[in-house]
Amino acid sequence: MCWACAALLGNPALSGLLFAFLATLLAGIGARDQLTVAGIAARQGARPGLIGVAVATSIVTAAMAAYGGSLLAPLLAGDARLMFASLALALAGGEMLLFSARRMPDEPTQSLGAIAIVLSAHQLTDAARFLVFAITVATRAPISAGLGGALGGTCIVLTGWLAAGTLPTARLSLIRRPVGGALLILATVLAMQAMGRA
């Protein structure tokens, strides 16, 4: 078991995929995209088109986050990469603290195009995509990080679609806030390391 863990941690591609997948799952609990999908499914039914659009936006936004990280990573040295990764973690933590789980939308649109725009706007500014960006910068493995983020994001919106309005938002908020605080602490530690103070 230990050798397997060592092999995983020593392989940026595998570690990037696993960390992005787990981070996206954790950060996506009670996120705006999940609640939006759940609310629309509750009022319009679990339409195949809805989950198709939600999965597509999850894949595209994860790919965009990974691509952004891939553009930045080669320009940075080790400490600078760590500093930018800590900044992305801080943004993720702040997003989870500021945008806790709230009630479902009251009047969801019927248009799949409009739903795609709303979900994309939520996802491009959410904690999960910030984490995919950070992991890409840290590991320099954009394909793996993007794939892990896409898989995790798909699981999140699929859960919302299947829950169809029954997600316990109050309980989800209790999960999101401590996770957001933990991300801010981790970001601070990484920033101190990057500045040579840790």
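All figures in this text were calculated on a predicted structure; none of them were measured in a lab. All residue numbers in this chain count up from 1 along the given sequence.
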Next item on the list: Identify, with sequence neighbours excluded, every residue that meets side-chain contact (heavy atoms from CB on, under 4.5 Å) alongside A92.
Entry: A127, F130, L131, L183
Check: Under 4.5 Å between any side-chain heavy atoms of H122 and T57, yes or no?
Finding: no
Next item on the list: Any chance you could measure I51, atom CD1, to I40, atom CD1, to the nearest 0.5 Å?
Entry: 11.0 Å
Margin query: Are I29 and L26 packed together at the side-chain level, in the sense that at least one heavy-atom pair is separated by less than 4.5 angstrom?
Written below: yes
Check: Side chain of W161, backbone of R47: donor and acceptor closer than 3.5 Å?
Finding: yes
Notebook entry, point to check: Who are the side chain to side chain donor-acceptor pair (under 3.5 Å) partners of S58, not counting sequence neighbours?
Noted result: Q123
Notebook entry, point to check: Is there a donor-acceptor pair closer than 3.5 Å between any side-chain N or O of R129 and the backbone N or O of T125?
Noted result: no
Margin query: Suppose we screen for side-chain contact (heavy atoms from CB on, under 4.5 Å). Which residues come up paired with V60, at least two apart in sequence or across chains?
Written below: M64
Check: What residue pairs, at least two apart or across chains, pass salt bridge (Lys or Arg N to Asp or Glu O under 4.0 Å) with a residue in residues 114-123?
Finding: none
Would you be so kind as to tabulate the donor-acceptor pairs closer than 3.5 Å made by side chains of residues 65-75, with sequence neighbours excluded?
residue: S70; atom: OG; partner: Y67; partner atom: O; Å: 2.6

Check: Can you name the side chain to side chain donor-acceptor pair (under 3.5 Å) partners of S86, sequence neighbours left out?
Finding: none
Notebook entry, point to check: Can you list the residues that meet the side chain to side chain donor-acceptor pair (under 3.5 Å) rule with T159, with sequence neighbours excluded?
Noted result: none
Checklist line | Connected-component partners of I117 among ILVMFWY, side-chain separation under 4.5 Å | finding: none
Margin query: By the salt bridge (Lys or Arg N to Asp or Glu O under 4.0 Å) test, which pairs, at least two apart or in different chains, include something from residues 48-67?
Written below: none
Check: In chain order, what residues pass the side-chain contact (heavy atoms from CB on, under 4.5 Å) check against A121, with sequence neighbours excluded?
Finding: none
Checklist line | Partners passing side-chain contact (heavy atoms from CB on, under 4.5 Å) against L151 (at least two apart in sequence or in another chain) | finding: F21, L147
Check: With a 4.5 Å heavy-atom cut-off, do Q193 and L82 have their side chains touching?
Finding: yes
Next item on the list: Please list all pairs passing the salt bridge (Lys or Arg N to Asp or Glu O under 4.0 Å) test where one or both residues lie in residues 52-74, with sequence neighbours left out.
Entry: none
Notebook entry, point to check: Checking Q34 side chain against G30 main chain: does a donor-acceptor pair fall under 3.5 Å?
Noted result: yes
Next item on the list: Write down the atom of L25, the atom of I156, and the distance for their closest heavy-atom approach.
Entry: O-CD1, 3.5 Å
Margin query: Quick one, I115 and L112 - any side-chain contact, counting heavy atoms below 4.5 Å?
Written below: yes
Check: Hey, does L97 have a side-chain heavy atom less than 4.5 Å from the side chain of L184?
Finding: yes
Next item on the list: Drop me the distance from M96's CE to L91's CG, to the nearest 0.5 angstrom.
Entry: 13.5 Å
Notebook entry, point to check: Between A62 and G146, what is the shortest heavy-atom contact and its length?
Noted result: CB-O, 3.7 Å
